[in-house]
Participant: 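Sharing a structure, written as structure tokens. Questions coming.
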Amino acid sequence: MSAGASAAMALQVFTEPMLAAAAQRDKSFHPTSGVMINANENPLGPCAAARKAIAEIAPQGGRYSDWLTDDLAKLVAQAEGLNAEWVRVYPGSSGPLHYAVLAATSPAKSYVTADPGYEAGMHAAKVAGARVVKVPLTKTYGHDVKAMVAAAPDAGMFYVCTPNNPTGTLTSHDDIEWLVANKPKGSVVMVDEAYIHFSNARSAIDLVKAGHDVIVLRTFSKIYGMAGIRCGLTIARPELQMQMGDRSGWSAMPITAVAAATASLKDDQVVAQRKQINTSVRQATFDWLASQGCSFVPSESNCFMLDTKRPAKDVIAAMGQQNVYIGRIWPVWPTHVRITVGTQAEMAEFQTAYRKVMTGAVSVGYAPTKRRERSVDGQMRPMRDGEDS
């Protein structure tokens with residue numbers, strides 16, 4: 001058995017809900033009410049057209065209907081001016097992220113990412129036996145592409161999430177172009193555009209179309225509100241698609257996900273409407289935080305990092321006591337916590353709860369629980385000794 005095949009067999013795919021759930025200390029507690037702004041979910045859910053498509057396709061759920069997936073890939077490819085073989089559809093974007101890392105990294109080829117940055121790819125790199133290189137963000141919270149190249153002459157993959165998870169900040173197209181032009185020969189640049197529709201950022205798909213060693217990740221989990229339905233895709237040269245496919249195998253897509261994604265793409269209003277809603281609620285939240293003298297990282301996404309000025313794990317616990325569930329901590333920023341932008345009503349409840357924490361009306365403390373696990377955006381793994389949530 002090859003090393004690549006062995007790594008694929010050992011792979012556990014980490015997702016946003018796994019990471020979010022792992023940060024929750026009491027794993028026996030599953031809130032059915034309260035404000036859930038901890039996992040970068042979209043509280044609006046699927047659009048009306050997607051819900052209608054799910055209801056209409058459900059009676060056909062006894063059939064694989066794999067041609068529907070082909071039609072979705074063709075629809076995306078046509079919109080981007082590509083041939084269909086440059087697009088592959090997956091149940092979410094977490095799987096192909098992992099498969100691409102397994103294809104591009106090894107004990108001789110490092111995985112390079114931002115810090116703080118989305119952690120899932122690092123877990124795949126460890127399965128591949130690759131060195132993980134974490135490079136601090138710039139002063140403006142973008143990926144420091146020059147430092148990333150300098151830090152890893154042996155790089156197999158550079159992972160760039162823009163807007164970044166967890167900061168919601170952008171890395172410019174010019175910087176991504178520089179990275180592609182100056183990376184080690186044979187390495188791959190993966191650009192994760194899970195959150196791009198919330199921003200005015202320029203996509204990196206043009207770099208794919210130019211034939212570069214670039215993979216663009218997209219998902220329907222965020223602006224399209226389909227996190228629980230699972231549909232994502234990769235856009236890359238066919239040979240890069242084949243390398244990911246060699247590690248993923250093949251399985252039929254859920255036809256409900258395909259139907260919902262197709263209907264969402266055909267709705268030419270949903271992205272603009274939801275972007276406007278998110279921008280408005282996010283800005284109102286920033287205005288309130290600024291009025292309270294709070295520090296935060298300005299974001300162009302559906303999440304942002306809030307500096308609590310104290311161990312963030314205590315603030316997470318204090319907010320949870322008020323049924324407001326906020327995100328997790330990145331070790332490099334121990335006083336910061338990620339906040340997902342919810343509805344206007346949810347963010348009003350967030351403000352009320354956070355004001356109580358700031359003023360001492362709610363005690364800030366931490367009571368350990370028996371089980372120690374870490375959430376990796378949707379899946380759980382045991383926490384290691386010395387590891388914080």
Participant: Hey, which of Ile196, Val271, Leu44 is the one that makes side chain to side chain contact (heavy atoms under 4.5 Å, CB included) with Ile223?
Facilitator: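 That would be Val271.
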Participant: Looking only at atom types and distance, does a side-chain atom of Ser280 sit under 3.5 Å from a main-chain N or O of Ile277, one as donor and one as acceptor?
Facilitator: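 No: the side chain of Ser280 does not pair with the backbone of Ile277.
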Participant: Quick check: closest heavy atoms across Leu170 and Ala201, and the distance to 0.1 Å?
Facilitator: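 Smallest interatomic distance, heavy atoms only, reads CD2-CB, 3.9 Å.
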Participant: Would you call Glu56-Arg51 a salt bridge at under 4.0 Å N-O?
Facilitator: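 Between Arg51 and Glu56 there is no salt bridge, as every charged N stays at least 4.0 Å from the carboxylate O atoms.
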Participant: How far apart are the closest heavy atoms of Val341 and Pro43, and which atoms are they?
Facilitator: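 Closest pair (atom of Val341, atom of Pro43, distance): O-CD, 4.4 Å.
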Participant: Under the ring-ring contact (aromatic ring centres under 6.0 Å, His included) definition, can you give me all pairs with a residue in residues 295-315, not counting sequence neighbours?
Facilitator: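 Checked against ring-ring contact (aromatic ring centres under 6.0 Å, His included) - neighbours excluded - the pairs reaching residues 295-315 are Phe286-Phe296, Phe286-Phe304.
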Participant: How close do Ala128 and Thr105 get, counting heavy atoms only, and between which atoms?
Facilitator: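 Looks like CB-OG1, 3.5 Å.
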Participant: Report the distance from atom OG1 of Thr285 to atom CD of Gln344, rounding to the nearest 0.5 Å.
Facilitator: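 Separation between the atoms: 9.0 Å.
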Participant: Going by the rule ring-ring contact (aromatic ring centres under 6.0 Å, His included), which residues pair with His212 if we only count those two or more places apart in sequence or in a different chain?
Facilitator: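 So His212 forms no ring-ring contact (aromatic ring centres under 6.0 Å, His included) with any residue.
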Participant: Using the test ring-ring contact (aromatic ring centres under 6.0 Å, His included), find all partners of Tyr111 that sit at least two apart in sequence or belong to another chain.
Facilitator: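 Per chain and number, Tyr111 pairs via ring-ring contact (aromatic ring centres under 6.0 Å, His included) with no residue.
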Participant: Is it the case that the side chain of Arg131 and the backbone of Ser110 share a donor-acceptor pair, with hydrogens and angles ignored and the cut-off at 3.5 Å?
Facilitator: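 No, Arg131 side chain to Ser110 backbone: no donor-acceptor pair under 3.5 Å.
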Participant: So how far is it from Lys222 NZ to Asn40 CG, rounded to the nearest 0.5 Å?
Facilitator: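 Atom-to-atom, Lys222:NZ and Asn40:CG are 5.0 Å apart.
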Participant: At their closest point, which heavy atom of Ser187 faces which heavy atom of Lys183, and how far apart are they?
Facilitator: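 Scanning both residues completely, I find the closest heavy atoms to be O-NZ, 2.7 Å.
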Participant: Quick one: does Asn164's side chain have a donor or acceptor within less than 3.5 Å of a partner on Pro116's backbone?
Facilitator: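 Yes; judged by distance alone, with no hydrogens or angles, the pair exists.
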Participant: Salt bridge check, Arg218 against Asp192: does any charged N sit closer than 4.0 Å to a carboxylate O?
Facilitator: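 The answer is no: the pair does not qualify as a salt bridge.
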Participant: Between His197 and Tyr224, is the gap from one ring center to the other below 6.0 Å?
Facilitator: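 Between Tyr224 and His197, which both carry aromatic rings, the centre distance is below 6.0 Å.
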Participant: Inspect the contact between Lys146 and Asp175 and indicate whether a charged nitrogen and a carboxylate oxygen are less than 4.0 angstrom apart.
Facilitator: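 Judged by the 4.0 Å cut-off on N to carboxylate O distance, Asp175 and Lys146 do not form a salt bridge.
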Participant: Looking only at heavy atoms, what is the nearest atom pair of Ser203 and His173, with distance?
Facilitator: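 Of all heavy-atom pairs spanning Ser203 and His173, the closest is O-CD2, 3.2 Å.
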Participant: Are there over 12 heavy-atom neighbours, none belonging to Gln283, within less than 6.0 Å of that residue's CD?
Facilitator: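 Yes, the 6.0 Å shell around CD holds more than 12 heavy atoms from other groups.
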Participant: Work out which heavy atom in Ser93 is nearest to a heavy atom in Leu217; give both atom names and the distance.
Facilitator: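 Ser93 and Leu217 have their closest heavy atoms at O-CD2, 3.9 Å.
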Participant: Counting only N and O atoms by type, is there a donor-acceptor contact under 3.5 Å from the side chain of Thr308 to the main-chain atoms of His336?
Facilitator: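 Such a contact is absent between Thr308 side chain and His336 backbone.
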Participant: Supply the atom-to-atom distance Lys74 NZ to Trp67 CH2, rounded to the nearest 0.5 angstrom.
Facilitator: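 Here the rounded value is 12.5 Å.
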Participant: Look at the side chain of Glu346 and the backbone N and O of Val35, then say whether any donor-acceptor pair between them is shorter than 3.5 Å.
Facilitator: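 Looks like no, no N/O pair under 3.5 Å.
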